[in-house]
There are 2 protein chains.
Amino acid sequence: MTEATPGRRGGRQLPTADELRIWRDFIETTAALGSRLESRLQSDSSLSTGDYAVLLALSEAEGQAMRSSELAAHIGWERSRLSHHLGRMERRGLIRRQECATVPRGAEVLLTTAGAEAFAGATFPHLRAIRELFVDALTPEQIVAAGEIAAALRTRLDVLRGQ
Amino acid sequence: MTEATPGRRGGRQLPTADELRIWRDFIETTAALGSRLESRLQSDSSLSTGDYAVLLALSEAEGQAMRSSELAAHIGWERSRLSHHLGRMERRGLIRRQECATVPRGAEVLLTTAGAEAFAGATFPHLRAIRELFVDALTPEQIVAAGEIAAALRTRLDVLRGQ
DNA sequence: TTAGCATCATTGACACGTCAACCGGTAGGT
DNA sequence: ACCTACCGGTTGACGTGTCAATGATGCTAA
């Protein structure tokens, strides 16, 4: 197996033209899918996917409240991103923040009634949009394959963490 | 085939728990893949993927120049987004804008020398990152499947255009 | 002729994300 | 006691994206 017969996949530096075309289709289409879901959620409920992730986590939490850094870890956000987002959500009355009784320096994030209502109203249309735009677009085999592809990509991202 | 044996996929309103788990893995992982590529490109070349898309299109254009709305159509952006982005790229000296000689009201976008150099320096590391993070993460069969999944999702997005 | 009307592009307001700096408080080592 | 280092959280600056409104200019029909 030499350079002239590139059967070993590590022997190449760059993607082939076919691989590159698939890469572009894949990354652009998944990005477009994400923004379509975003805009469906927005028009159905005036929430962003970020709002939805926060409200989902708080809804499932005991007491419908979480410490800020727990919440950040739970939804996989940086603390700074969460802090900015909570500021915007607090202005819209979806959540409240108060000092944490148990942990010094801790901030407790509370779901408000308005936030719970907004989340309840958003859930059904959001799940329906996921079905229409993702589940119904693919065969059952493709859905399984999508899961495997996501797992493989995630593994690779973790292996090359920090690069 | 009844509600109790849901073989017809249109008979359901909402995704199953398995479908939902795959959806989340898929959309979050592809988003993370996109941001990793973005940050690799940024540290390798001080360009964003938006910059790269603009510079790629201009590099391949005759005379390394395009009309603004042609460029927007070519890379699939809204004109307003492109206008904002070109403003930032112009401040950094990557492109220039001038009135178009042939089309009234048209703006011609020109690649500058600095822009061409930045693009040339970014290409190799960017393609290498695509290989490392996407091509090398998947088996050849998975790459084909990814292409088919992207095509199916794109078709669905087009069918439901505007929703 | 001129009153609309579409088209090309820009602008402003705002939401969102990252990065780096910062603040206040606790804990450890000397 | 004091210095330092970390930890939880916030803030500011800036790049990026969308939407709606605004010029600026040509086309068309009363």
Side-chain angles (χ1 to χ4, degrees), chain A residues 28 31-32 34-43 45-54 65-92 94-110 162, chain B residues 28 31-32 34-43 45-54 65-110 118 162:
Chain A
E28 283 167 17
S35 10
R36 183 71 67 87
L37 253 289
E38 178 85 43
S39 90
R40 285 276 297 254
L41 185 57
Q42 184 73 44
S43 56
S45 66
S46 295
L47 295 178
S48 67
T49 51
D51 299 332
Y52 189 83
V54 169
M66 284 179 90
R67 286 248 325 292
S68 180
S69 48
E70 281 177 60
L71 179 52
H74 190 273
I75 60 182
W77 287 11
E78 294 179 13
R79 280 204 313 277
S80 135
R81 174 181 178 185
L82 181 59
S83 185
H84 281 301
H85 205 95
L86 291 179
R88 290 186 293 263
M89 292 181 74
E90 194 164 32
R91 280 208 305 274
R92 293 190 287 146
L94 298 172
I95 55 114
R96 272 187 317 115
R97 279 186 282 197
Q98 67 183 24
E99 282 170 29
C100 178
T102 63
V103 178
R105 296 185 308 291
E108 191 96 30
V109 183
L110 307 174
Chain B
E28 282 166 17
S35 11
R36 183 71 67 88
L37 254 291
E38 179 85 43
S39 89
R40 285 276 297 252
L41 186 58
Q42 185 73 45
S43 55
S45 67
S46 294
L47 295 177
S48 67
T49 51
D51 299 332
Y52 189 84
V54 169
M66 285 179 90
R67 287 247 327 291
S68 179
S69 48
E70 279 177 61
L71 179 53
H74 190 273
I75 60 182
W77 286 11
E78 294 179 13
R79 275 206 312 276
S80 135
R81 173 181 177 185
L82 181 59
S83 186
H84 282 299
H85 206 96
L86 291 179
R88 292 186 294 262
M89 292 181 74
E90 194 164 30
R91 280 208 305 272
R92 294 189 288 147
L94 298 172
I95 55 113
R96 274 189 313 115
R97 281 186 282 196
Q98 67 182 25
E99 282 171 27
C100 178
T102 62
V103 178
R105 296 186 307 290
E108 191 95 30
V109 183
L110 306 174

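Because the structure is predicted, anything quoted here is derived from the model rather than measured.
In this structure, the CE atom of B:M89 is 17 Å from the P atom of C:dA9, given to the nearest Å. Put simply, CD on B:E90 is 15 Å from P on D:dG15, counting in whole angstrom units. Note: CG (A:L37) to C1' (D:dT18) measures 17 Å, nearest angstrom. Whole-Å rounding puts the B:H74 NE2 to C:dC8 P distance at 17 Å. Taking atom CG of residue B:L82 and atom P of nucleotide D:dC19, one finds them 16 Å apart after rounding to whole Å. When rounded to the nearest whole Å, the span between CD1 of B:I75 and P of D:dT16 equals 13 Å. Rounded to an integer number of Å, the gap from CD of A:E99 to P of C:dC23 is 19 Å. Between the CZ atom of A:R67 and the C1' atom of D:dC7 there is a distance of 10 Å, given to the nearest Å.
Under 4.0 Å is where a charged nitrogen must lie from a carboxylate oxygen, and between A:E108 and A:R97 no such pair does.
Under the rule for a side-chain contact (heavy atoms from CB on, under 4.5 Å), the partners of A:A107 that lie at least two apart in sequence or sit in another chain are A:S68. A search for ring pair (Phe, Tyr, Trp, His ring centres under 6.0 Å) contacts involving A:H84 returns nothing, not counting sequence neighbours.
The CG atom of B:L86 lies 11.5 Å from the CZ atom of B:R81; values are rounded to the nearest 0.5 Å. Remark: A:M66 CE to A:L71 CG distance equals 5.5 Å, nearest 0.5 Å. Taking CG from B:D51 and CD from B:Q42, the interatomic distance works out to 8.0 Å, rounded to the nearest 0.5 Å.
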Check: How would nucleotides 11-18 of chain C be written as a contact map, 5' to 3', with B for base contact, S for sugar-phosphate-only contact and - for no contact, using protein heavy atoms under 4.0 Å?
Finding: BBB-SBSB
